[in-house]
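Predicted model, so just to flag it, every value in this text is computed and none were measured. Computed over heavy atoms, backbone and side chain alike; hydrogens, waters and symmetry mates excluded.
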Amino acid sequence: MANDREQAPLVRFERVNKWFGSQHVLRDVELAIQPGERVVLCGPSGSGKSTLLRCVNRLERFEEGRLTVDGVAFEPGRREDERALQALRRRVGMVFQQFNLFPHLTVLENLALGPELAGEPRAQVRERALAQLARVQVAEQANKYPLQLSGGQQQRVAIARALVQAPRLLLFDEPTSALDPEMVQEVLDVMRALADQGQAMLCVTHEMGFARAVADRVVFMDEGQIVEQAPAAQFFEAPRKARTRAFLQRVLAPAGTAPGFPHA
């Protein structure tokens, strides 16, 4: 019984469907993420990647199907306990495109706010927060305000804020898309270090070099459906679906790195 529990997926989508009005944005999604796994979601704009990601911590609700996150099941029409929902969000950290830091709070105060509101001792929380700032290499910025930091530093602070709760899973929603090009690499380096340390993550990104180097598995979505998923090496070197090959040819071609895919 213990082994079954250990092998249970951390996240499981079962025939999940979601609409925005008449727009069918998730179509019968089936996906499982294992503890410690690093999964990258990719695909064209509007394919449903960010919507799927936001369903995991219940920032989006769906209309059909079933989602299980760390042993807690969610289904349409079932009333959710607010305390259970907050507990879930402590176990599933989220890093947004636009940092979402409070500008009137210092970096340290931004990290400590959530745990302190939940009743954790101030000294203990701040010690943990400082440790996470050091982990993402911005400890010296603890007493500054977000607007005094570069975009890359702000995003690393946002990652540290998510790490303060020691989440079982980190969600990244295009974490480099709002950054100047020269700041992208510093954020990707932090994410790669976290992956090397065994942090489970589900990441929406257009950074295919990062996906190839870090992901255990890459999931390609289009029109609300999962078209293909495979280990990273297989995904990039021998994609099975013509739609996947067309996407990779387009996103990799500017750098001159598009592989020569076999015909279907």
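- Remark: E63 CD is packed, more than 12 non-hydrogen atoms of other residues, nucleotides or ligands lying under 6.0 Å away.
- A distance of 10.5 Å separates CD1 of I226 from OG of S47, quoted to the nearest 0.5 Å.
- A donor-acceptor contact closer than 3.5 angstrom is absent between the side chains of T106 and N143.
- Side-chain contact check for Q229 and R217: at least one donor-acceptor pair (N or O, by modelled atom type) lies under 3.5 Å.
- Residues M191 and C203 have side chains in contact (heavy-atom distance under 4.5 Å, counting atoms from C-beta outward).
- V184 is listed as a side-chain neighbour of E207, based on a closest heavy-atom distance under 4.5 Å.
- Every residue two or more places apart in sequence or in another chain that forms a side chain to side chain contact (heavy atoms under 4.5 Å, CB included) with A112 is listed here: E116, V125, R126.
- The closest donor-acceptor contact from the side chain of R245 to the backbone of R240 lies under 3.5 Å.
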Report all side-chain donor-acceptor pairs from residues 18-25 shorter than 3.5 Å, counting only partners two or more places apart or in another chain.
residue : atom : partner : partner atom : Å
K18     : NZ   : R61     : O            : 2.6
H24     : NE2  : N17     : OD1          : 2.8
H24     : NE2  : L26     : O            : 3.0

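- Residues passing the ring-ring contact (aromatic ring centres under 6.0 Å, His included) test with F247 are F220, sequence neighbours excluded.
- When side chains are defined from C-beta on, L194 counts as touching L163, because their heavy atoms get closer than 4.5 Å.
- Rounded to the nearest 0.5 Å, atoms CG (N57) and CZ (R89) are 5.5 Å apart.
- Taking every heavy atom of both residues into account, K49 and G43 meet most closely at NZ-O, 3.2 Å.
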Please report, to 0.1 Å, the donor-acceptor pairs under 3.5 Å made by any side chain of residues 95-103, with sequence neighbours excluded.
residue : atom : partner : partner atom : Å
Q97     : OE1  : S177    : OG           : 3.2

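- Each of Y145 and V138 belongs to its own hydrophobic cluster when Ile, Leu, Val, Met, Phe, Trp and Tyr are linked at side-chain heavy-atom distances under 4.5 angstrom.
- We find the OG1-CD distance between T205 and E174 to be 7.0 Å, quoted to the nearest 0.5 Å.
- No donor-acceptor pair closer than 3.5 Å links the side chain of Q249 to the backbone N or O of A246.
- Applying the salt bridge (Lys or Arg N to Asp or Glu O under 4.0 Å) test to pairs two or more places apart or on separate chains, those with a residue in residues 143-165 are R156-E186.
- Residue E223 places its CD atom among 12 or fewer non-hydrogen atoms of other residues, nucleotides or ligands, all under 6.0 Å distant.
- Across all their heavy atoms, M183 and S150 have their closest contact at CE-CB, 3.6 Å.
- At least one donor-acceptor pair closer than 3.5 Å links the side chain of R128 to the backbone N or O of V164.
- Salt-bridge check for E127 with R122: failed, with every basic side-chain N at 4.0 Å or more from each acidic carboxylate O.
- Of the possible polar contacts, none joining the E30 side chain to the E14 backbone as a donor-acceptor pair under 3.5 Å is found.
- Of all the heavy atoms in T244 and P239, the pair that sits closest is CG2-CB, 3.8 Å.
- The heavy-atom pair separating L111 from A160 by the smallest distance is CD2-CB, 3.8 Å.
- Salt-bridge formation is not detected for the pair E228/K241: no Lys NZ or Arg NE/NH1/NH2 atom is positioned less than 4.0 Å from an Asp or Glu carboxylate oxygen.
- A87 meets the side chain to side chain contact (heavy atoms under 4.5 Å, CB included) test with R90, R91; sequence neighbours excluded.
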